[in-house]
Amino acid sequence: MVEMSLDEAKQLVERLKLFAQPQRLMILDALLQHGALAVGELESKTGIGQPTLSQQLGTLRRSDLIVPRRESRTIYYSLQSEDEALRVRILIGLLKGDKGLLSATHEIADKLGTKSTKRKDQILREEGAQFAFVQPPQLPRRF
């Protein structure tokens, strides 16, 4: 693995900032779960009001995470590509501590053309990033 340059690190930080906003995460998750959705459908599924929804859709569109498609008077939004959908699924899964993340990581390993003779957990240790899940502190119960 090649060391990251400062420019690459800055690009990744900008990309991560896209996910650091609750409404954008909700929009991406809805598109991931339901596929292409019209603006009205996104509004009802996420509960995000029209002005905020339009602003966040614009940000996601300019970043090329999502793409619009017009049908008559209706605009549908979807994730830009299958690769982008996979990245979104992995990042959201990682942030949520989703156990399904492991299977998504397997998909990436397969996409990268790793040798099938290696066990997938061995591939992840050798080539993939390893993450720790930090359990939030338990709050005392109120009775």
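Reckoned from all heavy atoms, side chains included, excluding hydrogens, waters and symmetry mates. Because the structure is predicted, anything quoted here is derived from the model rather than measured.
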What residues form a side chain to side chain donor-acceptor pair (under 3.5 Å) with Thr52, not counting sequence neighbours?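 Not a single residue meets the side chain to side chain donor-acceptor pair (under 3.5 Å) criterion with Thr52.
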
Under a 4.5 Å side-chain heavy-atom rule over Ile, Leu, Val, Met, Phe, Trp and Tyr, are Leu86 and Leu94 clustered together?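 The answer is yes; both residues are in one hydrophobic cluster.
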
Glu82 atom CD, neighbour heavy-atom count above 12 within 6.0 Å: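 No, because the 6.0 Å sphere around CD of Glu82 holds 12 heavy atoms or fewer from other groups.
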
First locate atom [atom1] of [X], then atom [atom2] of [Y], and finally report the distance between them rounded to the nearest 0.5 Å.
{"X": "Ile66", "Y": "Leu60", "atom1": "CD1", "atom2": "CG", "result": "4.5 Å"}
{"X": "Leu57", "Y": "Leu65", "atom1": "CG", "atom2": "CG", "result": "11.5 Å"}
{"X": "Leu28", "Y": "Tyr77", "atom1": "CG", "atom2": "OH", "result": "13.0 Å"}

Test side chain to side chain contact (heavy atoms under 4.5 Å, CB included) applied to Arg87 and Leu91, Asp83, Ile90, the passing residue: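 The passing option is Asp83.
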
Only counting residues at least two apart or in another chain, list the ones meeting salt bridge (Lys or Arg N to Asp or Glu O under 4.0 Å) with Asp29.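 So Asp29 forms no salt bridge (Lys or Arg N to Asp or Glu O under 4.0 Å) with any residue.
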
Can you give the donor-acceptor pairs under 3.5 Å from side chains of residues 37-46 to other protein atoms, not counting sequence neighbours?
unit_1: Glu41; atom_1: OE1; unit_2: Ala38; atom_2: N; d: 2.7
unit_1: Ser44; atom_1: OG; unit_2: Glu41; atom_2: O; d: 3.0
unit_1: Thr46; atom_1: OG1; unit_2: Leu42; atom_2: O; d: 2.6
unit_1: Thr46; atom_1: OG1; unit_2: Ile48; atom_2: N; d: 3.3

I need the minimum non-hydrogen distance between Leu32 and Ala85, along with the two atoms involved.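 Between these two residues, the closest heavy atoms are CD1-O, 3.5 Å.
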
Salt bridge (Lys or Arg N to Asp or Glu O under 4.0 Å) contacts touching residues 53-78 (sequence neighbours left out):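 Those involving residues 53-78 are Arg69-Glu71.
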
Distance-only donor-acceptor pairs under 3.5 Å for side chains of residues 6-27, two or more places apart:
unit_1: Glu8; atom_1: OE1; unit_2: Ser5; atom_2: N; d: 2.8
unit_1: Glu8; atom_1: OE1; unit_2: Ser5; atom_2: OG; d: 3.4
unit_1: Glu14; atom_1: OE2; unit_2: Lys17; atom_2: NZ; d: 3.1
unit_1: Arg15; atom_1: NH2; unit_2: Glu84; atom_2: OE1; d: 3.0
unit_1: Arg15; atom_1: NH2; unit_2: Glu84; atom_2: OE2; d: 2.2
unit_1: Gln21; atom_1: OE1; unit_2: Gln23; atom_2: N; d: 2.8
unit_1: Gln21; atom_1: OE1; unit_2: Arg24; atom_2: N; d: 3.0
unit_1: Gln21; atom_1: NE2; unit_2: Gln23; atom_2: OE1; d: 2.5
unit_1: Arg24; atom_1: NE; unit_2: Leu18; atom_2: O; d: 2.9
unit_1: Arg24; atom_1: NH1; unit_2: Gln56; atom_2: OE1; d: 2.7
unit_1: Arg24; atom_1: NH2; unit_2: Lys17; atom_2: O; d: 3.4

Kindly say whether Pro51 contributes a backbone atom to a donor-acceptor pair with the side chain of Ser54 at under 3.5 angstrom?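 Between the backbone of Pro51 and the side chain of Ser54 there is no qualifying donor-acceptor contact (under 3.5 Å).
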
